[in-house]
Structures are given as C-alpha cells and as structure tokens.
Trainee: 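Can you keep this structure in mind? I'll have questions shortly.
Just follow the structure's listing: the first ligand is 1, and inside any ligand the first atom is 1. Along the sequence shown, residues are numbered consecutively beginning with 1.
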Amino acid sequence: MYKQRTLRSSDPEIYRLIQSETKRQDNGLEMIPSENHSSIAVREALGSVFTDKYSEGYPHKRYYGGNEFVDEVETLTIERAKKLFGVEHVNVQPYSGSPANQAVYFALLEAGDAVMGQNLTAGGHLTHGWKVNFSGRTYRSVQYNVKPDGYIDFAEVRKLALEHRPKLIWCGATAYPRELDFGEFGKIADEVGAYLAADISHIAGLVAGGVHKSPVPYVHIVTTTTHKTLRGSRGAMIMVTKKGLEKDLELPSKIDKAVFPGLQGGPHDHQTAAIAVALGEALRPEFSKYAHQIVKNSRALASSLTENGMKLVTGGSDNHLLLIDLTQFGKGKGLFGQLALDTAGITTNKNTIPFDPSSPFYPSGIRLGTPALTTRGMKEKEMAQVGKMIARALKVACIHEMPDDKEGREAAIAKAKEAIGSNPELKKIRKDVLALCKKFPLHKNKRP
Ligand code: DSN
C-alpha cells in the first residue's frame, strides 16, 4: 500500500477513501480499455508543488512571473512528445481529451461548417460529431459507420466525404477492436481537401510502442489523451505533423491560440510534469515490449472468450480492446453483464455494438481490454483464465431478460441486481479473481 502519512492525519476521511480505492484496484481486474495503472513516479509528479503555479501563456511567453521551472517542464514535455511520435509541433496544455478535440474545432472551423466522424454507436467518440455533444450541435455533422462485419466502411466514408465536403474529418475510435487504416483516411481527406485529425487516445501507447501503425505520415493533426495505453496521468496533447505543416503553415499557431487564450486559462503544470514522466517511460525500450504484450494479451483473450462461447464484434482484436456481442442471449444484456462482472471483481463497461437492437442506455455489448492487466505483468496464460471467468460470469448474467417498457425494465433490473449480487457461481469467480490478483500485485516496483 502507498503510504500517505500526512494525509492520514490531516484528512482521515479522504485518506480512507484513497486506501479503499487502492484496495479495490489491487483486488480486482481493471478491464475498462481506456484505463490503466500509472507508475508511482507519474503520481509523485502529479502530486508535486507544480499544482500551485499559474502560468498562462507558453514557454518564455507567460503572463505571470516565477515560471522559469514551469517553462523547463513544458519544454521538456514537448520535446519528449515530438521524439516519441515524430511530429513537428505539440501543445501539451489541453486539460483532457474532449477539450483537446474542442480546440481543434475552434482552430479550424466556423459554426455550421461540415465535419465528419465515426458514429458513436459504431465505436466513435462523442466529440467526433455526436448529435448531443457540442461537436454535433455547433457544426454540420456527418457520421460514418461500420459494415455488418464490424469493420469501417471506407466506401461510405468516401461517398459521404465527396457529398458533404467536410472541412475536417476525424478518424480514431473508443470502441473499435481493429487496426485503423490511416492511409485510407488520408487518401479520402486529400481528395476532398479536408483537414484530417486522428484521435489516438485509445491507441497512443500502441503507436508509441510500434505495435499499431502510426497516423503521423497520413494526417495533419493528432490528438491524444495521456492516461490510457500511454499509461500517464490524465491529460491530453495536440500534435501537428509534417503533412499538417505542408497543408497549413499556420496550423501550430492556430492550435496554440485555440487552446490559450481561446478555450482555456492556466495550464495544469503538475499534470504537464506527470505527462513528461510518462513520456519518458514510453521512450524506454521496455515500453515497446509492454505495448506488444497488450496486443498479444488481447488476442489471447479473444481466443479464450470465443472458445468459451462468446461472440466478438469483428470476430477478434488487433489492438488493446474487445467488444463482446451478447445478442445471441437476447437484446439489451450489457447492463446485466457489467453487473455480473462487477460482482466477480472484473471491471468492464456495457457498450453499444454496431447495429445494436437495443438502446444506448441498455446496450447489448460489453467493452473490455488488456492495458491494465498487462501493466500488472499478466500474459497469455492468465488471459486464457480470465476469458474463461468472463464467459462464466456472462452466462450467469444473460439469463435475465431486459423488457422494452420502462416499468417492466426497472423491476427486471432490480430483480437481476439482487440475484446477481448473491449468485454462488459469481462468488466462486470472485475468489478466483482474488487469487489471480494476489499473484500480480499492483504496487510492486518492477513493472513491464
Ligand atoms: N471515456 C473514454 C473511454 O472510455 O473510451 C472516451 O472519452
């Protein structure tokens, strides 16, 4: 357990909650594919005195005094990101992924301009033009989908791009289990003269580790969060590529001005320092091994789930993420699946699947991934075990029916929660999960 002696005596309530969360993470399998376990070094930088500083502006161009060390931190972070991803310009100030993407819109588009992105229900992200998000409300959003086999429908992407002539096209997803073909997106964007932005938040660590194709040669802009496969603290970056500079020499200053003063105030310097530490870790050769192991684990987990009777969107995985399609058991079973897995100590999230017969509130899929388990040192052998446990838990979950009407649904969910909470098979799986967690403790010093 990570000791925080001062906090323990000055605020025992928060101390207790941090200890409880540490224990929850240690004794359970974190399988939400956008989550990971950052290093103690990252968290020490995050908890540093840089949280106390204001530094509106950019290195050596600040509105406040006392920024000599902040300047060094931010410059170092930028240099590390440039080296890791091979890009020309980096802004490390966005508070998180959605603000980073918002800054790209603010830099390039006027309200009402056309933008294209992957539909949320087909695995895209809210900020890529979803109807209730600012991106779908402020701009004329056109959404592309996947084919019945779950792969991106490039014929549709091209047709929609030619028809709507978007100023900006997004590629990148939050629930897509296959490698993204950035080259294909690049050709379409060039054909219609659009800016192409790759949001690699989910796969940044895989790109950095060389196990997923890099978007850099094909796109103008890359955005990413820093806390998913990249394994840093929560934050984001916007990068401009050589291709981006060739299209628009002003791109770096447009992006910088959009972040500050356009949308944000003072950067979170403690967050920047922690991102620098994570980027330093990602530049080491061990990180590439880690990234490759994430994918090996994902493939092993896909095989185990399939062998144990589960159906996967696209039939497998090329990256860190898998999407289980539960429709063979009926529609809208995702919530029951998530509840059963939670009871067993396996944290995942319910998710829509392409062409989901149910609603986004009661979807028919489970989204899960291997970044956090790989950080704990688990390999293919453990994935075979985990796949079996997940399949067992989902079979328990899927005996419950999700009615279409609101009243029936509420009663069914309450009944299912009670039954799932006391199910003996799930209790057995919980014990197996605990035994596995004990073999791979979270806070050991050596990490893959
Ligand atoms: N919340 C992130 C995810 O889980 O994929 C996306 O913003």
Side-chain angles (χ1 to χ4, degrees), residues 25 28-38 94-105 115 117-137 141 143 146 150 152 170-180 197-207 212 215 221-238 263 271 275 278 294-295 298 313-314 317-324 334-335 337-338 341-342 346-354 356 360-361 363 365-375:
Q25 291 187 16
L29 301 175
E30 291 298 322
M31 296 195 72
I32 292 177
S34 48
E35 293 184 4
N36 210 331
H37 302 293
S38 56
Y95 298 144
S96 201
S98 294
N101 290 352
Q102 195 180 7
V104 173
Y105 286 92
V115 59
Q118 189 166 332
N119 205 323
L120 184 73
T121 60
H125 189 252
L126 279 169
T127 57
H128 299 178
W130 183 241
K131 55 193 172 195
V132 297
N133 184 258
F134 81 91
S135 56
R137 294 177 60 172
S141 167
Q143 301 261 274
V146 291
I152 288 171
W170 285 100
C171 53
T174 61
Y176 190 68
R178 295 298 181 176
E179 183 159 74
L180 287 163
D199 178 346
I200 61 164
S201 294
H202 264 257
I203 55 166
L206 307 185
V207 171
H212 190 297
I221 295 165
V222 180
T223 64
T224 185
T225 50
T226 46
H227 50 275
K228 298 184 173 103
T229 48
L230 198 53
R231 213 163 59 174
S233 61
R234 203 159 286 270
M237 307 190 290
I238 307 173
L263 293 164
Q271 200 180 38
I275 291 169
I294 292 177
V295 177
S298 194
V313 171
T314 75
S317 171
D318 293 332
N319 53 23
H320 63 302
L321 177 149
L322 304 97
L323 200 51
I324 304 177
L335 174 64
Q338 182 187 312
L341 290 168
D342 264 342
I346 303 172
T347 310
T348 62
N349 67 277
K350 62 181 189 304
N351 213 92
T352 48
I353 52 164
D356 203 311
F361 292 111
I366 290 286
R367 187 184 74 147
L368 71 170
T370 56
L373 299 196
T374 310
T375 291

Trainee: Once ring-ring contact (aromatic ring centres under 6.0 Å, His included) is applied, do any residues pair with F361, and if so which ones, sequence neighbours excluded?
Mentor: none
Trainee: In the protein, which heavy atom is nearest to atom 1 (N) of ligand 1, and how far is it?
Mentor: S34 OG, 4.7 Å
Trainee: Are any of the N/O atoms in R367 less than 3.5 Å from those in ligand 1?
Mentor: yes
Trainee: We want to know whether H125 and D199 form a side-chain donor-acceptor pair, criterion being a heavy-atom distance below 3.5 angstrom.
Mentor: no
Trainee: Could you tell me which atoms of ligand 1, counted from 1 in the order shown, lie closer than 4.0 angstrom to a heavy atom of T174?
Mentor: 5 (O), 6 (C)
Trainee: Give me the residue, atom name and distance of the protein heavy atom closest to atom 7 (O) of ligand 1.
Mentor: H125 NE2, 2.8 Å
Trainee: One residue to check: E35. Relative to ligand 1, which of side chain, backbone, both or neither has a non-hydrogen atom less than 4.0 Å away?
Mentor: neither
Trainee: Testing I200, T127, N101 one by one against T223 for a side-chain contact (heavy atoms from CB on, under 4.5 Å), which residue passes?
Mentor: N101
Trainee: With a 3.5 Å distance limit and no angle check, can you tell me whether Y105 reaches the backbone of V115 through a side-chain donor-acceptor pair?
Mentor: no
Trainee: Can you tell me which residue and heavy atom of the protein come closest to atom 2 (C) of ligand 1, and the distance to 0.1 Å?
Mentor: K228 CE, 4.0 Å
Trainee: For atom 5 (O) of ligand 1, grab the closest protein heavy atom and report residue, atom and distance to one decimal in Å.
Mentor: H202 NE2, 2.7 Å
Trainee: Could I get the full list of side-chain hydrogen bond (donor to acceptor under 3.5 Å, both in side chains) partners for E30, not counting sequence neighbours?
Mentor: R24
Trainee: With distance as the sole test, does T348 use its side chain to make a donor-acceptor pair with the main-chain N or O of Q338 at under 3.5 Å?
Mentor: no
